[in-house]
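Worksheet for the structure shown next.
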Amino acid sequence: MSTTPRVLPQVYLNGAILPIEQAHIPVLDRGYLFGDALYEVIPVYAGRLFRPERHLERLAQGLRATGISSTNSDADWLRIFTRVIDANGGGDMAVYLQVSRGVASYRDHAVRTQMEPGIFAMAQTLIPRADDVSTRGVRTVLLEDTRWARCNIKATSLLANVLLRQQ
């Protein structure tokens with residue numbers, strides 16, 4: 001049994017289902033330039049989303065908090081997920097959704113206009129949990145979360161900068 005998830009071949013990109021090889025994100029997409037995007041991962045068992053309402057609630061909260069505009073309703077998001085699940089044959093998988101603020105005309109931390117959000121969704125196979133995990137548990141390490149404190153690293157994940165610029 002493989003322990004690596006396999007990306008499934010059909011993806012959703014801005015309204016279309018297409019082979020992953022044909023999916024291309026514009027280089028001025030703010031998700032690519034700044035990490036100015038949100039994501040959700042929803043497990044799917046036997047072709048059915050697991051607790052989609054919780055994921056949709058968190059997505060809506062994130063969209064509001066970042067000011068990323070989307071006219072999609074919960075029903076619209078569910079249709080996108082269903083299209084990805086169906087295009088990849090159903091079964092057990094995880095659907096990954098990413099919503100970027102959209103494509104800008106130039107690189108700037110400031111959000112100067114309302115943009116059409118970029119919407120990408122794909123699926124990966126789920127790796128079954130080892131049988132003994134429920135009885136033996138798993139090892140873990142707890143560390144301080146320093147992601148936002150590492151401003152000395154010029155990483156492209158500049159969402160904090162974007163949000164501060166909006167304020």
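- No chain of hydrophobic side-chain contacts below 4.5 Å, direct or via other Ile, Leu, Val, Met, Phe, Trp or Tyr residues, connects Met93 to Phe120.
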Q: Let me see the working for Asn14 and Glu116 under side chain to side chain contact (heavy atoms under 4.5 Å, CB included), right down to the final yes or no.
A: CA-CA 10 Å; Asn14 297 325; Glu116 183 72 26; over 6 Å; no
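- At a threshold of 4.5 Å between non-hydrogen side-chain atoms, the residues Gln124 and Leu8 do not count as touching.
- Ile80 and Ile42 fall within the same hydrophobic cluster, where Ile, Leu, Val, Met, Phe, Trp and Tyr residues are linked whenever their side-chain heavy atoms come under 4.5 Å apart, directly or through other members.
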(Q) Determine whether Val84 and Val11 satisfy the following criterion, side chain to side chain contact (heavy atoms under 4.5 Å, CB included), listing intermediate values before the conclusion. (A) CA-CA 6 Å; Val84 171; Val11 301; over 6 Å; no
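- Within the 4.5 Å cutoff, the side chain of Ile20 has no heavy atoms near those of the Gln10 side chain.
- Counting heavy atoms from C-beta outward, Leu38 and Gln98 have side chains that stay 4.5 Å or more apart.
- In terms of modelled atom types and a separation under 3.5 Å, the side chain of Arg101 and the main chain of Gly67 share a donor-acceptor contact.
- In terms of heavy atoms, Pro52 sits closest to Leu78 at CB-CD2, 3.9 Å.
- Across Leu18 and Ala23, no two heavy atoms sit closer than the pair CD1-N, 3.7 Å.
- Proximity of Pro9 to Asn88: side-chain heavy atoms (C-beta onward) are separated by under 4.5 Å at one or more points.
- Atom OH of Tyr96 has more than 12 neighbouring heavy atoms from other residues, nucleotides or ligands inside a 6.0 Å radius.
- Hydrophobic clustering places Ile17 together with Ile119 (ILVMFWY residues linked when any side-chain heavy atoms are closer than 4.5 Å, directly or through intermediates).
- The minimum heavy-atom distance between Ser69 and Pro117, with the atom names listed, is O-CG, 2.8 Å.
- Atom-to-atom distance recorded for Arg136:CZ and Asp131:CG is 12.0 Å, nearest 0.5 angstrom.
- In the hydrophobic clustering of this structure, Leu13 groups with Tyr39; members are Ile, Leu, Val, Met, Phe, Trp, Tyr whose side-chain heavy atoms approach within less than 4.5 Å, directly or through other members.
- Side-chain contact, Tyr106 with Arg112: a donor N or O sits under 3.5 Å from an acceptor N or O.
- A distance of 12.5 Å separates CD in Glu40 from CZ in Arg54, rounded to the nearest 0.5 Å.
- By the 4.5 Å heavy-atom criterion applied to side chains, Phe34 and Leu159 are not counted as neighbours.
- The neighbour count for Asp132 CG, taken as heavy atoms of other residues, nucleotides or ligands under 6.0 Å away, is above 12.
- Side-chain atoms of Tyr32 never come within 3.5 Å of backbone atoms of Gly35 as a donor-acceptor pair (strictly under, hydrogens ignored).
- Clustering ILVMFWY residues whenever any of their side-chain heavy atoms sit less than 4.5 angstrom apart, transitively, puts Leu33 in a cluster other than the one holding Ile25.
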Q. Side chain to side chain contact (heavy atoms under 4.5 Å, CB included) between Leu63 and Val99: does it pass, once the steps are laid out?
A. CA-CA 9 Å; Leu63 291 168; Val99 182; 4.1 Å; yes
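- Put simply, OG on Ser100 and CG on Asp29 are 3.5 Å apart, with the number rounded to the nearest 0.5 Å.
- Side-chain contact check for Leu59 versus Trp77: some heavy-atom pair is nearer than 4.5 Å.
- With rounding to the nearest 0.5 Å, the separation of CD in Gln114 from CD1 in Ile68 is 10.5 Å.
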Q: Start with the C-alpha gap between Leu56 and Phe81, add the side-chain angles, then the distance that decides, and say whether side chain to side chain contact (heavy atoms under 4.5 Å, CB included) holds.
A: CA-CA 11 Å; Leu56 291 172; Phe81 302 147; 3.9 Å; yes
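- When atom types are taken as modelled, the side chain of Asp92 and the backbone of Leu126 share no donor-acceptor pair closer than 3.5 angstrom.
- Formation of a donor-acceptor pair under 3.5 Å by the Thr125 side chain with backbone atoms of Pro5 is not found in this model.
- Distance check, rounded to the nearest 0.5 Å: CZ of Arg48 to CD1 of Ile85 gives 10.5 Å.
- Side-chain atoms of Arg30 and Val162, non-hydrogen and from C-beta on, do get closer than 4.5 Å to each other.
- Interatomic distance, Leu97 CG to His55 NE2, rounded to the nearest 0.5 Å: 11.5 Å.
- Contact annotation: the side chain of Val7 approaches that of Met122 to within less than 4.5 Å [non-hydrogen atoms, C-beta and beyond].
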